[in-house]
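Below is one structure, written out as structure tokens, with a few remarks after it.
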Amino acid sequence: MNAILRDPPAFFNRGPSPLARLTFFGLLAVVLMIADHHFKAVDSLRVAIGAAVEPIQRAAAWPVRATTDVLNYFGDQHRLLAENENLKRRVAEYAREAQATRLLRAEQTLLTQATGNRYAEISTPAEVLYYAKRAGSHKLIIDRGLTQGVKPGMIVINDTGIVGQITQAGPTTSALTLATAKDQSIPIMIERSGMRAIAVGTGDAGALDLPFLPGNAELRTGDRVVTSGIDGLYPAGLIVGDIESIDRNAGYTYPKVRIKPASSVGAHRLVMVLNRLPQDEYPTVDIPAAEANKKTKGRPTGATRDPRRPAQP
Amino acid sequence: MPLDFNPVARQVSGRAASFKLIALSLFAAFVWNSLPWHGAGLVYRPDALLLVLLFWCLHEPERIGMGIAFLLGLIMDVGGSAFMGEHALSYVVAVYAAQALRVRVLKFRLHEQAAHVLAFLFIERMVAGLVGLVVGESFAGPRTLVAPVVAAILWMPLCWLLFHRIVRGERRTFS
């Protein structure tokens with residue numbers, strides 16, 4: 001109606017029909033989705049749009065964060081005292097471990113000289129900005145991105161254990177997929193028995209699954225679950241959680257094992273991004289060659305794994 | 001003179017919205033969507049960007065169409081760190097539905113229009129839900145249909161606000 005009133009009759013200059021446009025844009029969207037989902041091919045487009053969008057998102061997130069900060073500032077004394085007490089206790093706990101670590105570190109330095117700098121950990125602290133805006137998605141947005149050296153595939157931990165893995169990186173922010181996200185998998189080891197397995201996210205924030213284990217697997221409720229380091233992506237020994245329940249019903253082929261993740265989803269504010277990717281791993285036996293590889297930043301032969309894929313050995 | 005917000009009256013007066021108003025309203029809606037929603041707030045959050053987009057698709061069909069919907073969808077995908085094209089697809093489909101029924105919808109009064117808009121919003125949610133299932137995200141359940149209802153309720157205040165702006169803008173230009 002508007003068109004008729006305002007413009008000369010537009011019988012011929014309407015362009016393609018609505019259905020043709022729908023088909024065109026629909027197909028384009030599907031192609032983009034496939035390119036993104038299966039080939040990770042549109043990352044540059046994402047980064048380009050992200051550069052424009054991120055400042056707006058940060059600005060939008062700011063008032064809420066500022067309000068929280070102000071409320072926390074005037075927060076009750078009791079909470080602060082309790083938190084302080086808690087931190088002090090934890091420092092005392094860590095002190096013992098730190099001393100033990102010193103010895104291990106000296107030992108490790110000797111070993112790393114032989115294996116190439118395999119276990120050197122550089123990490124970037126990051127702050128959680130907000131949750132990904134999509135119902136049912138298990139993603140957090142953190143305030144570090146490509147410019148700070150954060151790349152897709154990197155592992156994110158906090159003081160209690162594994163949080164997840166970076167799956168998308170923008171210029172100054174990146175998205176981290178929680179370990180509990182559906183189909184996210186981590187190679188794990190039961191600390192007590194040394195049994196290796198793969199823990200899989202359930203999509204439920206409070207649980208990981210341990211599927212396809214034999215019925216007589218050596219497991220007990222309360223067993224500590226840590227990363228096994230087998231895939232070369234997750235460093236060994238990071239805490240994943242504890243076994244919460246084991247259901248060995250004879251009706252199922254496999255026992256149903258649920259792990260309670262160590263780091264609770266709601267509580268993330270500060271996290272650590274471990275700056276290492278699988279292509280930095282794979283030590284070569286020949287020491288000079290390993291050195292040369294490090295200098296040229298070349299990828300050693302055999303490291304063909306795509307670092308951006310979630311860990312699925 | 002009291003303004004007549006009956007859409008037919010506006011149609012007859014044939015006022016065009018300024019580019020600035022369109023851009024500003026879309027931007028404000030995007031900022032609304034970009035607020036740090038999470039948990040239940042995210043599930044019940046009305047998609048203001050889609051609502052404003054539908055408004056302009058109905059009232060400025062020559063300027064705002066599927067191309068803009070596609071671009072805004074991509075921006076939402078980057079902002080929400082979804083797969084590229086998820087929102088783009090659902091927005092384009094919703095806008096197609098709105099364009100197909102445009103003439104019919106505009107004949108109704110605002111609260112009746114809201115019912116039609118609710119249908120468009122449902123369509124968008126369903127496309128988004130299907131895409132989510134295909135790419136393997138966990139299904140958020142029937143709760144996702146609450147947000148469109150909230151958005152549809154906001155249709156009347158939105159129309160009222162934007163009509164007001166359109167008319168005021170005109171007056172300033174021509175008097």
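Convention: sequence-line order gives letters A, B, ...; per-chain numbering from 1. Reckoned from all heavy atoms, side chains included, excluding hydrogens, waters and symmetry mates.
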**Item:** Side chain, backbone, both or neither of A/Ala61 within contact of chain B (heavy atoms, under 4.5 Å)
**Value:**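 Both the backbone and the side chain of A/Ala61 come within 4.5 Å of chain B.
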**Asked** Side chain, backbone, both or neither: which part of A/Ile34 has a heavy atom under 4.5 Å from chain B?
**Response** neither
**Item:** Counterpart residues, salt bridge (charged side-chain N to carboxylate O under 4.0 Å, His left out), relative to A/Arg258 (two or more places apart)
**Value:**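 So A/Arg258 forms a salt bridge (charged side-chain N to carboxylate O under 4.0 Å, His left out) with A/Asp204.
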Hey, could you give me the [atom1]/[atom2] distance between [X] and [Y], rounded to the nearest 0.5 Å?
X: A/Ile49; Y: B/Leu71; atom1: CD1; atom2: CG; answer: 8.0 Å
X: B/Asp77; Y: A/Met33; atom1: CG; atom2: CE; answer: 8.0 Å
X: B/Met66; Y: A/Leu28; atom1: CE; atom2: CG; answer: 13.0 Å

Please give me the minimum heavy-atom distance between [X] and [Y], naming the atom from each residue.
X: A/Leu22; Y: B/Val92; value: CD1-CG1, 3.7 Å
X: A/Ala60; Y: B/Pro36; value: O-CD, 3.6 Å
X: A/Phe25; Y: B/Phe70; value: O-CE1, 3.5 Å
X: B/Ser34; Y: A/Gln57; value: OG-NE2, 3.3 Å

Who wins among [options] for the most heavy-atom pairs under 4.5 Å with chain B?
options: A/Val64, A/Val53, A/Ile56; answer: A/Ile56
options: A/Leu27, A/Leu45, A/Leu32, A/Asp36; answer: A/Asp36
options: A/Gln168, A/Arg65, A/Glu54; answer: A/Gln168

**Request:** Could I get the full list of side-chain hydrogen bond (donor to acceptor under 3.5 Å, both in side chains) partners for B/Gln99, not counting sequence neighbours?
**Result:** none
**Message:** Using a 4.5 angstrom heavy-atom cutoff, name the option from B/Gly73, B/Gly65, B/Ala100, B/Gly67 with the most pairs to chain A.
**Reply:**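 Of B/Gly73, B/Gly65, B/Ala100, B/Gly67, B/Gly67 has the most heavy-atom pairs under 4.5 Å with chain A.
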**Message:** Quick check on B/Val95 against chain A: is it the side chain, the backbone, both or neither that has a heavy atom closer than 4.5 Å?
**Reply:**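 For B/Val95, no heavy atom lies under 4.5 Å from chain A.
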